[in-house]
Amino acid sequence: MQQNLFADDGLKSGCIFCQILAGQSPAHMLYRDDDIACFLDIMPVSEGHSLIIPTRHHDDLFTLSQGELDAVSRFSRRLAPVLREVTDADGIGVHQLNGAAAGQTVFHYHMHLIPAKQGAPRQIHGRKMADQQQLADIAAKIRARL
Ligand code: AMP
Ligand code: ZN
């Protein structure tokens with residue numbers, strides 16, 4: 001049954017981001033509509049590190065439709081200034097990896113938005129799990145400004 005529900009919704013069984021979309025795994029959700037969802041990265045590079053994903057499962061960019069790509073891109077334009085303001089960042093890194101060879105570790109297409117401070121080391125992947133309360137606090141601030 002689970003399998004069918006997922007298939008009908010464009011979700012893929014066993015995919016952690018699809019489980020988040022289905023409400024079966026927790027996330028600090030920032031935004032969701034029919035086309036995209038956005039939530040905080042659980043292992044952030046910096047405070048406010050966010051992921052934007054399509055609500056239909058795609059492993060990577062290679063199968064994403066133009067419409068889905070446009071929806072992700074539009075939302076990145078909306079989110080970036082909010083992240084910059086809330087985290088007092090000097091810049092926002094936008095990163096998107098396709099395939100293990102490129103460093104992709106979760107195979108549901110996603111775009112990273114990573115607030116960056118001048119002089120701080122640049123990375124795409126964090127090294128430790130964030131404190132849940134800190135994630136909840138920053139998520140509330142971001143949601144209030146979206
Ligand atoms: P990538 O290497 O581009 O595929 O990035 C995958 C990202 O997903 C990493 O930054 C992980 O920290 C993040 N991630 C993995 N599992 C979760 C989760 N359950 N909730 C939020 N972020 C996650
Ligand atoms: Zn998925």
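Start at 1 and go down the list; that is how both ligands and their atoms are numbered. Because the structure is a prediction, the values reported are computed rather than measured. Hydrogens, waters and symmetry mates are skipped; everything else that's a heavy atom, side chains included, is used.
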Quiz item: Can we say K12 and D59 salt-bridge, meaning some charged N sits less than 4.0 Å from an Asp/Glu carboxylate O?
Solution: yes

Quiz prompt | Distance filter under 2.8 Å, centred on the Zn ion (ligand 2) - protein N, O or S atoms that pass it | solution = C15 SG, C18 SG, H57 ND1, H108 ND1

Quiz item: Okay, side chain of R145, backbone of K141: is any donor-acceptor separation there less than 3.5 Å?
Solution: yes

Practice problem: Within a distance under 4.0 Å of any heavy atom of H112, pick out the atoms of ligand 1 and give their elements. | Solution: 1 (P), 3 (O), 5 (O), 7 (C), 10 (O)

Quiz item: With the 4.5 Å side-chain cut-off for hydrophobic clustering, are I142 and L51 part of the same group?
Solution: no

Practice problem: Give the atoms of ligand 1, by number and element, whose distance to some non-hydrogen atom of H110 is under 4.0 Å. | Solution: 1 (P), 3 (O), 4 (O), 5 (O), 6 (C)

Quiz item: Should you measure from each heavy atom of Q104, which atoms of ligand 1 turn up under 4.0 Å away?
Solution: 2 (O), 4 (O)

Quiz item: Under 30°, 30 to 60°, or over 60°: which ring-plane class applies to F75 and Y31, parallel, tilted or perpendicular?
Solution: parallel

Quiz item: Do H110 and H108 have ring centroids that are under 6.0 Å from one another?
Solution: no

Quiz item: Is the distance between the ring centroids of F17 and Y109 under 6.0 Å?
Solution: no

Quiz item: Taking atom CG of D35 and atom CD1 of I53, what is their separation to the nearest 0.5 Å?
Solution: 12.0 Å

Exercise. Within a distance under 4.0 Å of any heavy atom of G103, pick out the atoms of ligand 1 and give their elements.
Key: 2 (O)

Quiz item: For F107, what residues pass the ring-ring contact (aromatic ring centres under 6.0 Å, His included) criterion, not counting sequence neighbours?
Solution: none

